Amino acid sequence: MSRKKPSAKDGALRALFQLLRSEPQDRRHTYVTKWRQGASFREQVETYSEAYKTLDLKSAFFGKLLPSTIEDIVRLPAFQPIGLSKELVWQAAAFVVLAKKINKFLNLEDQFTKALFRGEYNNATSLLDQIEADVGFSSWLVESRIATLSLSSNVAKLNEFLARVRDNDNIKWDGRLEYLFHYIKFDLNVSPARHAQIVDEIVRTMRERNMPEEFIKAITFRLSSHILEIPTIETIAYGLWLNATMPLVDRYLNFVKSVINLFANTDHEAGLDQYLAFLLKELCASVTDNRLSAILTSLGGNAKQTGEPTTEIVATLDTYTGGDYSDCLEKCSAYSREVGGFNELIEIEARTLYRLEKIPEPTASHMHEKLVHALANLVGKGEKFESAQTELTKISMQFSAHPWRQFLNAIIYRETRPIRQMASRRLISVELPFLSYGNPRRILGISKKEVQARVADDLEKFTHCGATFRLTRSIASSEEEVVLSLENDTDISPARRWAYVGNWLLDRNRIDEARERFSRLFELSDSLARQAGTLGLILCAAEQQNTVECLRLISDNYLLGEKIYVQSPMEEIFLKVGSTRDGNLFGNLDLGVCYAIRSKLGVKDADAALSDLFEDFLDVQNLKLPSDIKGRADLLGSKKVIFFLREICVPRIMHGTLPFEKADDVLNERIRICQFLSEFDAPRSPVYAEEIKEITQTLIIKQALKEVDESKIFVNKEGILRSIENTLREEFSRYYEERKTRAAAGIPPIAPVLVVNSQDSQEPMLAFVIDKVLSAFELLFLRLRDKFVANHQYGLDTYLSARIRHGILGGHLRRPLQMERLITETGPTGEYLRNVYWQERLFGQDPYKREQILEGLREFSGDVDAIIKEVKDEWLQILTESSGGTGLFNYQISRVELYRFYSDMQSCNTFEEFFERANEILWLITDRSLTAIRARVETELQERLLSKLNQLSQLVTNELGPEGSELNDAIARARTVLQNEIQRVANWFRRPPTSESSSYDLRLPFDIGFAIIGNLYPHVPITKEEIIEENVFLKGYTRQSLVVIVNILLENAVKHSKLDSVVVKIHAGIVDDWLVILCINDISRTVFKNQADIDAYNAKLGPVRKSIEDESDLRLASKEGKSGFQKISRIVLSDLNGTYELSFSARANFTFGVSLKISKGSLIA
Amino acid sequence: MTALIVEDDSNKLYHLKEYLGAAFPSMQLRIAGSYRGGLEGALTDDANIVLLDMSLPTYEKSSGDEGEFLFFAGKEILRQMARRKIQTPVIVFTQFESFGKGRERQSLAELIEELESRFKDNYRGTIYYNASIGSWKMQLGELIQATLGLKANNND
């Protein structure tokens, strides 16, 4: 037996191996990286072959190829990047050595995909088991497992599988993150946009935690599977490097994807095609992959194709090309049933179904049906276009590790992007590797003429020169005669002939001839043909710079319910619109439709353009308001005018435009427009009716909110009269009798006597004769005054407490500061909490300076609350002779004044006259106080609060200089809003309107309450889930009281739930003789951790319950700091004059519930 | 000479009016406190100059509903003036160092650059107002002087 003589190469190999063996394991990659940079493809193949046989060096060259557990996957390469071509070489060389394994996997992968598409999930699962046994774990396997389990709705198994990933501490967190992302992608509620948002959030978090940028880039790359674009050369190279130590399956599939993208990307350097051809030739000699073979053939190489014969596919394509759609559909269905998988017939089936208007509803779990359904709606561009696009993008995202998703991406891209934009990428080249061997479309993906001719010759034989082949070859030809001969080929449907010839002419800038073909296409009854014709005409108009025509075609198509704009050169057209002074565009409604499209797409400034167009149209048509159109017969009946009114004359666009001075003017105009449209666009009248209802409700709420502000100062005159009528009548009688007696005796009314100046005063003094009549009047008037201001049920102080002092004033003054996060609350120790928001925003500033600012903010919070407390406790209090204090509601009445009132009321001869006149006088006294309070709020309160803000701003400037601009801007914004809020507070201090409110719907106080609390607590979003009985109308006088009750309930929910956002469930309606209100909200688990906490909480509420049961405690209602429930009791008893049942408790399901029943008696209108 | 002041912050407005009254006693002042009011004033008034706040509510406070707060209301007023070829000079008067939120956020320097390039016919400059620093007065006086040729009375 002869032994092979060792060659020089063998010597070099031995030396390399020896060197590696002398190094510790973790440093071997460095040597391998260096070596790879210099080694040729052949050298690498030979080295890998030898290294693969060794036990100790295998991992230095290959990493973990076939991980037997999920934990073994190595996700970040140890090798240094070596550039695109060298990455390609070393991976291809390794695949040659590993060809056997790869071929086995490819065979199983093909079977798996087909089984999945046919809905055979058991079969698919066993194929995955086989793959796992043969080539171990991979990212592809995880994705495929989750896909199979999700599609087969095997929730138990899916959860079991996820638990293996989620709870496995041996998997690094980035691996777990990626696997969980595979799962998230199958969540029904996660759209591609949401997916992208989640990725952004993760990236932001990683950046905030200062993770290495390289690591963040890798994570982003792996998670960003929602991107449809063909990647750049740099990204492709990065992906190759990043996957270099992933399991064999992932490494190989990523290599295939990279080769396809390189083939499709025209930006790469000259010579790369040749290089690719060389590598693929070497690889395809060992690895059987039709995708790579197809690329190799297209690059001019020879490659064998394997797999199923594709004669059925060619025959199906020919029936489609011939326009025999019924036959085509049968063939497509048979193929998908018998073979399956993702192939070109899926799109053909979708187009055929759309043409035949036979799109079936898919079975949610059936991949093939789902895809065909979504593709049909995508190509149809009708009302389901957007949802189809989302669905398909989601499927593509879900199968990010599967190469066929590139084919799907290419279709989505082609159908959703402007046609011309795709010219920069050889999009057809992405589809080409997935096309069956006999598909003539492959010709179009080949750029070299001689290769194209050779492939065409092969295909001619294979397809027997069928219709599709003739069509495709002609189009690939540059000879006019060949192309135009298509027009007489009756085996090809007119829809395809004219579309292909039209586009061929357009590509050669023969616009008039192209336009003629597209016009014919446009006239066909076939909807897809008509769309293709429209698009062709738009492209012709764009080439001829005819912007008005482009806009008309897009607008007409859109008003038909189609979205051909997605493939139209919208950006070019709008650039023209911006640069042209064409008078035809001024107020042009086609332009309006196109702006509306852009607005729906969220294009920046589209709404501003729509507002301009709105004003221009009114100018051109000489209309003052859009609703004036009803008097213009020349405009009525136009679809575009209806669109203008429906979509453009909406509050969002009309706000701020010149025809409207106030926000309400806009809403009232919109109501008029909707009323008009209900008649002229009758099919949509229910929609308009709903809009009118919503706007009306908005206006009612706005008006009611205004009235709430205007009714903060209140005295319940009737209540006071009821409470003291007997006593007061008696005293009035006594006073009146005395007065009458004196008059009968001819004694003149008493008069004050002027006396000399006292030594202490500059003012003259009045002395009064003690008189029985005056004394009786004094007693009577002052008794009424005391009730007016201090009656615990009906007096001013009670309402001041409930409507202003009880959290309302503080809430309004704090709101602008809370919105900018400048103010914090006190914690359990009474200390103001640290301002965490600004602590984070100022992260990175000098720690000492930052601390100074945070301390300043803490001090600021305390100062502001101290000012608010002073206003509540000192300013907004009642001052009488006996009360003491510094209250600004000054009801001290001097004897001079008393005498004046006495004189004034000489004409009151009945108790009723006296009572009315005395009330009026008390309101005059109140007016005086209100004027003083307004002035003090507008000046002193404003100055003091603004000065605190200025001090804070000064501190920020001193400590941080320009670095503090974000905080200083927040202070400046707060300053402006605070001034408005102070003005609003000042305006509360006015006498309330006397007009009686009209009856109202039970829903109204809840709407008002949610609006008020939403404004007061901007950082605790409150959501309502309400069930309110319809058609319950209540008397107008009860409205304010019910608003206060609802406010108390909602404020409790917001303040005591300790949640970041609160959902409040409301049930309200009439049950027997009661108006019943149920209010339930969740409570944070920080408040109740267990049942014991809940029991303790309920026990604490005991005294509150008791105080409510004891009506004598009602006097507490006018004092702040007492429970809102006590205030509710008072309101029901006093203001609503009813009885009630009130129960409240924390519940076992961690919610808090309040049940309030009010006797309906005098409430119902 | 008439100046249209478009400003929603009452305190800032007070200081501005106080300064203009002292520095340019002959100047008539017209006030708008919203985007809509400012737009109408800028398009229809015969003001010789507009002093324009950048961030404004849509409607006047007195209307009872100020509507949406527009971060770039001033820019929009300038755009509308340019669209209608109104050539009244405009000085932007702001107390913010940055504007907008999220992707639309712009620093004062970026905003100035944009205004300079987009509204050459109207835009004359920006004055940064700081409640506790008085240097804005001199800067504003100089800019008005350069724009209208009106000399500021600096006796205060």
Side-chain angles (χ1 to χ4, degrees), chain A residues 604-605 608-609 611-612 615-616 619 651-652 654-667 698-699 702-703 705-706 709 819 938 942-943 945-947 949-955 957-958 962-973 975-980 982-984 987, chain B residues 7-15 33-44 53-73 75-77 79-80 82-84 94-101 103-105 107-109 128-133:
Chain A
K604 194 179 163 225
D605 296 336
S611 292
D612 292 351
E615 289 179 347
D616 293 347
D619 273 359
R652 187 185 87 250
M654 294 194 289
H655 272 310
T657 56
L658 287 170
F660 307 103
E661 271 183 37
K662 303 197 295 279
D664 286 2
D665 293 349
V666 170
L667 296 181
T698 304
L699 287 167
K702 279 175 76 172
Q703 178 58 29
L705 283 169
K706 190 166 160 264
D709 269 6
M819 278 166 64
E938 284 167 350
Q942 171 154 308
E943 277 165 22
L945 287 172
L946 291 189
S947 132
L949 275 170
N950 290 346
Q951 282 170 20
L952 186 63
S953 174
Q954 195 62 55
L955 174 73
T957 307
N958 290 348
E963 297 289 306
S965 68
E966 189 186 349
L967 180 49
N968 262 336
D969 281 349
I971 295 170
R973 279 193 299 273
R975 195 187 288 128
T976 306
V977 182
L978 181 63
Q979 289 173 60
N980 292 343
I982 290 171
Q983 189 56 56
R984 183 177 173 185
N987 281 328
Chain B
E7 176 60 69
D8 66 320
D9 184 308
S10 51
N11 195 41
K12 196 173 144 205
L13 177 65
Y14 171 81
H15 289 297
S34 67
Y35 163 74
R36 167 63 180 66
L39 178 64
E40 187 173 31
L43 300 184
T44 55
D53 190 11
M54 185 47 61
S55 303
L56 296 160
T58 308
Y59 297 104
E60 296 292 321
K61 213 179 298 175
S62 56
S63 72
D65 178 359
E66 294 181 294
E68 194 187 347
F69 186 74
L70 308 169
F71 291 110
F72 296 102
K75 193 175 9 177
E76 185 57 19
I77 289 175
R79 191 182 73 80
Q80 292 289 355
R83 196 167 93 83
R84 291 172 165 86
T94 180
Q95 57 180 338
F96 296 117
E97 291 173 55
S98 64
F99 303 84
K101 279 183 179 169
R103 281 186 200 160
E104 293 197 337
R105 194 176 172 84
S107 69
L108 182 56
Y128 175 69
Y129 166 85
N130 184 326
S132 39
I133 302 170

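No experiment lies behind these values; they were computed from the predicted model shown. A note on names: the letters A, B, ... follow the listed sequences, proteins ahead of strands, and every chain is numbered from 1.
Contact check for Y59(B) versus V666(A): side-chain heavy atoms found under the 4.5 Å cut-off. Within the 4.5 Å cutoff, no side-chain heavy atoms of R975(A) are placed close to those of K12(B). Counting only heavy atoms from C-beta outward, the side chains of Q979(A) and K61(B) never approach each other to under 4.5 Å. Within the 4.5 Å cutoff, the side chain of R652(A) has no heavy atoms near those of the E68(B) side chain. Contact of the R83(B) side chain with the D616(A) side chain is registered, since non-hydrogen atoms from C-beta on lie closer than 4.5 Å.
For R973(A), the parts lying near chain B are the backbone and the side chain together; criterion is any non-hydrogen pair under 4.5 Å. In this structure, chain A has a heavy atom under 4.5 Å from the side chain of T58(B), while its backbone stays farther away. Neither the backbone nor the side chain of S611(A) comes within less than 4.5 Å of any heavy atom in chain B. Residue L705(A) does not touch chain B at all, counting heavy-atom pairs closer than 4.5 Å. Looking at Q942(A), only its side chain comes within 4.5 Å of chain B, counting heavy atoms on both sides. Neither the backbone nor the side chain of K706(A) comes within less than 4.5 Å of any heavy atom in chain B. Using a 4.5 Å cut-off between heavy atoms, L70(B) does not touch chain A at all.
Across all non-hydrogen atoms, the minimal contact from S965(A) to E97(B) is CB-OE1, 2.9 Å.
Interatomic distance, OG of S34(B) versus CD of E661(A), reported as 9.5 Å (0.5 Å rounding). The distance from atom OH of Y35(B) to atom NE2 of H655(A), rounded to the nearest 0.5 Å, is 13.0 Å. Atoms CD and CG, from Q954(A) and N130(B) in turn, are 7.0 Å apart once rounded to the nearest 0.5 Å. To the nearest 0.5 Å, atoms CG (D65(B)) and CG (L667(A)) are separated by 8.0 Å. From N11(B), atom CG reaches atom CG of N950(A) across 7.0 Å, with rounding to the nearest 0.5 Å.
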query: Do Q80(B) and D612(A) pass the side-chain contact (heavy atoms from CB on, under 4.5 Å) test, and can you show the C-alpha distance, the side-chain angles, and the key distance before you say yes or no?
result: CA-CA 9 Å; Q80(B) 292 289 355; D612(A) 292 351; 2.9 Å; yes
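Defined by atom type and a distance below 3.5 Å, a donor-acceptor pair is present between the side-chain atoms of Q95(B) and T976(A).
Considering only heavy-atom pairs separated by less than 4.5 Å from chain B, the leading option among S953(A), A972(A), P962(A) is A972(A). The most heavy-atom pairs under 4.5 Å with chain B, out of R984(A), E615(A), K604(A), come from E615(A).
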